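In this text, all values refer to a predicted model and were calculated from it rather than measured experimentally. Chain A is the first sequence line, chain B the second, and so forth, proteins listed ahead of strands; every chain is numbered from 1.
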There are 2 protein chains.
Amino acid sequence: MKLQLQISMNEGLFLRNPEGSELGKSIIKQSIKLIHKNGFESFTFKKLAEDIGTTEAGIYRYFENKHKLLLYLTSWYWGWLEFQIVFHTNNIKDPSIKLKKVIKLLASAVEDDEQTSHVDEHLLHQIVIAEGSKAYLTKHVGDDNKQQFFKPYKDLCSVVGGIITECNGKYKYPKSLATTIVEMAHFQNFFMKHLPSLTDFTKTKTEADVIVFLNELVFAAIKK
Amino acid sequence: MKLQLQISMNEGLFLRNPEGSELGKSIIKQSIKLIHKNGFESFTFKKLAEDIGTTEAGIYRYFENKHKLLLYLTSWYWGWLEFQIVFHTNNIKDPSIKLKKVIKLLASAVEDDEQTSHVDEHLLHQIVIAEGSKAYLTKHVGDDNKQQFFKPYKDLCSVVGGIITECNGKYKYPKSLATTIVEMAHFQNFFMKHLPSLTDFTKTKTEADVIVFLNELVFAAIKK
DNA sequence: TATTTTTGATAGTATTACTATTATTTAGAA
DNA sequence: TTCTAAATAATAGTAATACTATCAAAAATA
């Protein structure tokens, strides 16, 4: 049996649902490759169109602009990650073990998931590390927020915050700690790779170190 | 006596030193206002030139492109902040008190500093919160790093890391904790303002809460 | 006063970020 | 199978962006 994982997306993010056609799926697939390769700044719909073998206007029928596409990709990622977390922490009773699992999932390189054929989760994870914050670091963050574009991100943080509260109901900053974990899982990975002197992981340069750092940080903070 | 604080800048950031002329200083002054007002994405040299009353080509004589200008502004900010930290923690013996002072300086809204007439530190602080990470979240982060463009940021983190080590010489992750403090001081402020449900500061929405959160986080982590 | 440096004015190019139109292909319903 | 509607391809065009180049005027300096 082959299961297809479907992530429900905010309809405001696209003009036409890319999941609904072959062209749409190849827009997603190739945009991930292209953004990963050249970065979001130099990514254009024209280059994407050439890559796919369609026209610029063809892409615009699906996405209003490249920022919406970035929001789509990051939303997809956060939705997917929330599912991974819920799935992998299912049946775990002990909230501390759950939280450790979550940190591991957040800070580990992701393997490509066969359940979602047109999305390369490994590349997408790298994109979210390097470009993810650009989704909300804009002047229109307020408008985008009103349209619920950050809901998947918020939902994920909320899940993590919930587990923190399960660990220690008296801890006063579960949400802020959750966002700290999520952001730092990415930032420490980015720094380790590109500006290693900002981290303490210069020798090994492995995600495992980031995980230990985050674990110690979090469990010290919520210790009863 | 009026002291003028001069921050030494990496020469690779500009083509002509903006500190050296009136036009240069107004480029700095107005770019801060304009980026603060409309955000970095919609900021162009043309608009800046119109604001100042010079031409696009006039700006290009000082800065190669707007990314270099952003690097210039953020570098200036980190240099200035490092000075503030060294200055305000001078003579403090107890490293814990020092660290608290640092967290406060990092997470507090900055007042405009009269010592630097052409730079509005308050606006610049807001810019660094909202746009600062775009300075290194690029595909050319490696090249920029080779040219030492992130030295001021690294130096600041290094100072903070040093104080952490003073507090507890056995703590294994002083650098990563330092970058966590620096980044989160900004991110929590950003989230508080724009995506408040990601934080626990929804009622008061004040920096004071961020400071308490960071203090608790940091001192729990480095507790002996 | 001569000369170097800095600025202003103008022009021009390639690329980006779109919009619009029409023809062609494809897929589904009758 | 044929008709119809939807999706795509092909082409064209525009305004703005991100620059570069040139030359004259002004200002500073020697």
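Here C/dT19 presents its C1' atom at 14 Å from CZ of A/F45, a figure rounded to the nearest Å. When the P atom of C/dC18 is taken as reference, atom NE2 of A/H67 falls 12 Å away, rounded to whole Å. In this structure, B/L48 atom CG and D/dT17 atom P are separated by 13 Å, rounded to whole Å. Computed from coordinates, the A/E41 CD to D/dT17 P distance equals 16 Å when rounded to whole Å. We find that NZ of B/K66 is positioned 9 Å from C1' of D/dT17, with the value rounded to whole Å. B/L15 places its CG atom 12 Å from the C1' atom of D/dC19, with the value rounded to the nearest Å. Separating the CZ atom of B/F43 from the P atom of D/dA18 is a distance of 10 Å, rounded to the nearest angstrom. In this structure, CG of A/N65 is placed 17 Å from P of D/dA16, rounded to the nearest angstrom.
For D/dC19, the base has no donor-acceptor partner in the side chain of B/E64 [N/O atoms by modelled type, under 3.5 angstrom].
Ring geometry for A/Y136 against B/F190 counts as tilted: the plane angle lies between 30° and 60°, on a 0 to 90° scale. A/H186 and A/H125 have perpendicular rings, their planes meeting at more than 60° on a 0 to 90° scale where under 30° would count as parallel. Between B/F187 and A/F187, the angle of the ring planes goes over 60°, which puts this pair in the perpendicular group of the 30/60° scheme.
With C/dA9, C/dC18, C/dA20 as the choices, the nucleotide that has an atom nearest any side-chain atom of A/A57 turns out to be C/dA20.
At most 12 non-hydrogen atoms from other residues, nucleotides or ligands lie less than 6.0 angstrom from NZ of A/K33. With a 6.0 Å radius and a threshold of 12 heavy atoms from other residues, nucleotides or ligands, A/K68 has its NZ atom above the threshold. In A/K66, the NZ atom is crowded: over 12 heavy atoms of neighbouring residues, nucleotides or ligands sit closer than 6.0 Å.
Side-chain N/O atoms of A/K47 include one lying less than 4.0 angstrom from OP1 or OP2 on C/dT16.
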For nucleotides 4-8 of chain C, give me every protein contact, N/O to N/O, under 3.5 Å, one pair per line with atom names.
| residue | atom | partner | partner atom | Å |
| --- | --- | --- | --- | --- |
| C/dT7 | OP1 | B/Y62 | OH | 3.3 |
| C/dT7 | OP2 | B/Y62 | OH | 2.6 |
| C/dG8 | OP2 | B/T54 | OG1 | 2.7 |
| C/dG8 | N7 | B/R61 | NH2 | 3.0 |
| C/dG8 | O6 | B/R61 | NH2 | 3.1 |

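Using modelled atom types, one finds no donor on one side chain facing an acceptor on the other under 3.5 Å when comparing A/Q188 with A/T199.
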